[in-house]
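All chains are named by letter (A, B, ...) in the order of the sequence lines, taking the proteins before the strands, and each is independently numbered beginning at 1. Predicted, not measured: the structure shown is a model, and the values here were computed from it.
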Number of protein chains: 2
Amino acid sequence: MNISEASELVGIPPKTIRYYEDIGLISSHRSENGYRVYDARDLHMLNFLGRARSLGFTIESCRSLLALYQDPDRASAEVKKVAQQHRDEIDCKIEELQAMRAVLTTLVESCRGDERPDCPILNALSAPLKLHQ
Amino acid sequence: MNISEASELVGIPPKTIRYYEDIGLISSHRSENGYRVYDARDLHMLNFLGRARSLGFTIESCRSLLALYQDPDRASAEVKKVAQQHRDEIDCKIEELQAMRAVLTTLVESCRGDERPDCPILNALSAPLKLHQ
DNA sequence: GCTTTACCTTCCAGTTGGTGGAAGGAATAT
DNA sequence: ATATTCCTTCCACCAACTGGAAGGTAAAGC
């Protein structure tokens, strides 16, 4: 099967599939005319990658996970470690975003949002800089 | 004052300040030797940018906010719109991350994480692809 | 058989928001 | 006089793609 059919089946754009090959995440066979050819095994790997990416794993983590997946002697502890680290990073990001969200909510709620120029949002952003010591 | 002193005062690296000038977010005067010189007004703008960036506003939103700030005839509704859109985007990101987090938590908790190879995390990632249609 | 369309290839450039480093000039300290 | 620090510009790199150009191949229509 050619790249566009594979793309349809796994829900990953052809460009992205080529990109994954470029960076060595996957490999591919070529037919005589030079076209990439995908079989069930390739689709399986692509699907794995799609799932991992949709959970937010970085490409490098995906590379690790794929390597672990293909190693029958892996320890599940290794896999768990990768997943846990990723979850910790997600937790950090959520907290950062929630902190931003809290400030933004306060600011948005304090602004009347009419045609007049006075604006607590701009006031907050332009507040005098506090010198660190 | 030179760039490194300004950098210290507003807490933005010199590289980043030059970058902001490069993309036209701010301007700067030069002294005779070609060095950038910053006054209170410049620090004020930089500080504004630092605050906006720390709230997660994109560079383009910062550009808009700065323009609004410098326009005495602005309508606060414009500012509020920018802030609200940004908060909405943050909300989206938080939801995405929380969805990922939920799946990851389930997976991590289901994996024993020992020296054996069987792993529910890898099983989930490698589950057979469901064909759309 | 010829042409059009659709698909494939590679390669180059752009996205966001900076950061690192090299090469070279200027100011300050010793 | 020299060493160190600071300044300048420019180029390259990070993640994870995406868009588009230039050119070859395959399938469909007439």
Side-chain angles (χ1 to χ4, degrees), chain A residues 1-38 42 45-46 48-66 82 85-86 89-90 92-93 96-97 100, chain B residues 1-38 42 45-46 48-66 82 85-86 89-90 92-93 96-97 100:
Chain A
M1 128 185 13
N2 285 344
I3 197 167
S4 63
E5 195 180 348
S7 162
E8 294 285 322
L9 286 173
V10 300
I12 299 175
K15 280 262 178 188
T16 303
I17 296 177
R18 289 192 199 99
Y19 171 69
Y20 288 167
E21 186 180 336
D22 239 44
I23 61 173
L25 258 191
I26 53 167
S27 56
S28 76
H29 296 104
R30 303 294 179 112
S31 66
E32 289 185 5
N33 56 18
Y35 287 16
R36 288 172 179 83
V37 183
Y38 299 89
D42 299 321
M45 293 300 136
L46 283 170
F48 185 104
L49 282 174
R51 288 241 173 82
R53 290 290 299 132
S54 77
L55 286 176
F57 284 103
T58 63
I59 292 285
E60 286 319 300
S61 292
C62 288
R63 202 187 295 275
S64 305
L65 290 171
L66 216 42
V82 174
Q85 277 177 7
H86 178 45
E89 271 164 34
I90 285 183
C92 282
K93 279 187 200 154
E96 274 179 38
L97 289 174
M100 289 176 186
Chain B
M1 122 187 15
N2 286 345
I3 197 167
S4 63
E5 194 180 347
S7 162
E8 293 284 323
L9 286 172
V10 300
I12 299 175
K15 280 261 179 191
T16 303
I17 296 177
R18 289 192 200 100
Y19 171 69
Y20 287 167
E21 186 181 336
D22 240 42
I23 61 174
L25 259 192
I26 52 166
S27 56
S28 75
H29 295 106
R30 303 295 180 112
S31 66
E32 289 183 6
N33 56 18
Y35 287 17
R36 288 171 180 82
V37 183
Y38 299 89
D42 300 321
M45 295 297 134
L46 283 171
F48 185 103
L49 283 174
R51 287 240 174 82
R53 289 290 300 134
S54 77
L55 285 176
F57 284 104
T58 63
I59 292 285
E60 286 318 302
S61 291
C62 288
R63 203 188 295 277
S64 306
L65 290 171
L66 215 43
V82 174
Q85 276 178 7
H86 178 45
E89 271 164 33
I90 285 182
C92 282
K93 279 187 200 154
E96 272 180 38
L97 289 173
M100 289 177 186

So, is A/R30 near the phosphate of C/dT10, with a side-chain N or O under 4.0 Å from OP1 or OP2?
-> yes
Want to settle it: does B/F57 or B/Y35 sit nearer the 5' end of DNA chain C, counting the closest nucleotide to each?
-> B/F57
Minimum side-chain heavy-atom gap B/H29-B/R36 below 4.5 Å | no
Whole-Å gap separating C1' (D/dT25) and CG (A/N2) = 11 Å
Strand contacts (DNA chain C) in residues 12-21 of chain B, 4.0 angstrom heavy-atom criterion | B/P13, B/K15, B/T16, B/Y19, B/Y20
Short side-chain N/O contact to D/dA26 OP1/OP2 from A/N33, under 4.0 Å | yes
Measure from the side-chain N and O atoms of A/H86 to the backbone N and O of A/S61, and report whether any donor-acceptor pair falls under 3.5 Å.
-> no
Can you tell if the side chain of B/D42 reaches within under 4.5 Å of the side chain of B/S28, non-hydrogen atoms only?
-> no
Out of D/dA16, C/dC8, D/dT8, which has the shortest distance to the side chain of A/I3?
-> C/dC8
State whether A/S4 places a side-chain N or O below 4.0 Å from either non-bridging phosphate oxygen (OP1 or OP2) of C/dC8.
-> yes
Residues in side-chain hydrogen bond (donor to acceptor under 3.5 Å, both in side chains) contact with A/R63, at least two apart in sequence or another chain = A/E60
Say whether, by atom type as modelled, one donor and one acceptor occur between the side chain of B/N33 and the main chain of B/Y35 under 3.5 angstrom.
-> yes
Does a nitrogen or oxygen in the side chain of B/R36 sit under 4.0 Å from OP1 or OP2 of D/dT9?
-> yes
Side-chain touch B/L9/B/M1, heavy atoms, less than 4.5 angstrom | yes
